[in-house]
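Right, one structure below, let's go through it.
Indexing begins at 1, ligand by ligand and atom by atom, following the structure's order. We use all heavy atoms of the structure for the numbers below, so side chains are in, but hydrogens, waters and symmetry mates are not.
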Amino acid sequence: MELDERLQHIRDRMFAACELANRNPSEVMLLPVSKNHTADSVRELTYHQCRVFGENRVQEAKLKISACPGNIDWHLIGHLQSNKCRDAVRFFNMIQSVDRMSIAEEINKHANNAAKDMPVLIEVNVAGEASKHGFKPEDLIEKLDTINNLPRLEIHGLMTIAPWTSDSEKVRPVFRRLREIKEECEQIIGAPMQHLSMGMSGDFEVAIEEGATIIRIGTAIFGPRPNAKK
Ligand SMILES: *Cc1c(COP(=O)(O)O)cnc(C)c1O
């Protein structure tokens, strides 16, 4: 299958999942994840109404972004080291992977230096996996006010990466829990948050049923990642 056919196939499945969940498809954004794929593939997708892409490494993204059309929005979805913060703030339109207090403060500092407000999502380690980054739910509840008080951070919602499983039904409780945590967060900050970024190639339909507003799709659009680093 060609890139545009795989894209159309994913869009068809998104629409079907929205229909099943009684949701308006315009509420769910498809974020193609172009990590380990070329600027040419990105450009090809822009011919099919893709305008926002996800990357998980700042170094790789920097090179790709400069080789891609300038009207694309880029979301950082991978773990961010503090020495990459300045570039992350400069090159990305949203950072979805705010996974600890120190990085929230560092992003705020660099955003302030750049006189820029930075849209972010807070990453939550819902299932408490040792191998994953992100706030534990109870830590987030405790620290949310402090994060929310960082003047250059605009909190647009939450992100999670579900545990890997071949049975997508098993991740439903994780997605449901993230939605509940978002509601708790909205109580704390006294304002609605727009986004729940959850669901990837293997589990996005379940995520849509549970309220995802951003689904992050790599393999199912681009095919297997060449030289994927585990
Ligand atoms: C790579 C990646 C994705 C996409 O994964 P696929 O299973 O290839 O769709 C989504 N989210 C994050 C954070 C990623 O690193």
Hey, does [Y] have a side-chain heavy atom less than 4.5 Å from the side chain of [X]?
X	Y	result
H195	Q96	no
V174	R177	no
C85	I107	yes

Identify, by atom number and element, the atoms of ligand 1 in contact range of [X], meaning under 4.0 Å from any of its heavy atoms.
X	value
T219	6 (P), 7 (O), 8 (O), 9 (O)
I217	9 (O)
R216	4 (C), 9 (O), 10 (C), 11 (N), 12 (C), 13 (C)

Please report which non-hydrogen protein atom sits nearest to [atom], along with the residue it belongs to and the distance in Å to one decimal place.
atom	result
atom 9 (O) of ligand 1	S201 OG, 2.5 Å
atom 1 (C) of ligand 1	K35 NZ, 1.4 Å
atom 5 (O) of ligand 1	M200 CE, 3.6 Å
atom 13 (C) of ligand 1	I77 O, 3.4 Å

Using the rule side chain to side chain contact (heavy atoms under 4.5 Å, CB included), only one of N125, I141, L140 pairs with F135; which is it? L140

Looking just at side-chain N and O atoms, do D12 and Q8 make a donor-acceptor pair shorter than 3.5 Å? yes

Non-hydrogen atoms of E55 and S34 that approach each other most closely: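 Minimum heavy-atom contact is OE2-OG, 2.6 Å.
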
Any nitrogen or oxygen of I161, side chain or backbone, less than 3.5 Å from one on ligand 1?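 Checking ligand 1 against I161, no N or O pair falls under 3.5 Å apart.
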
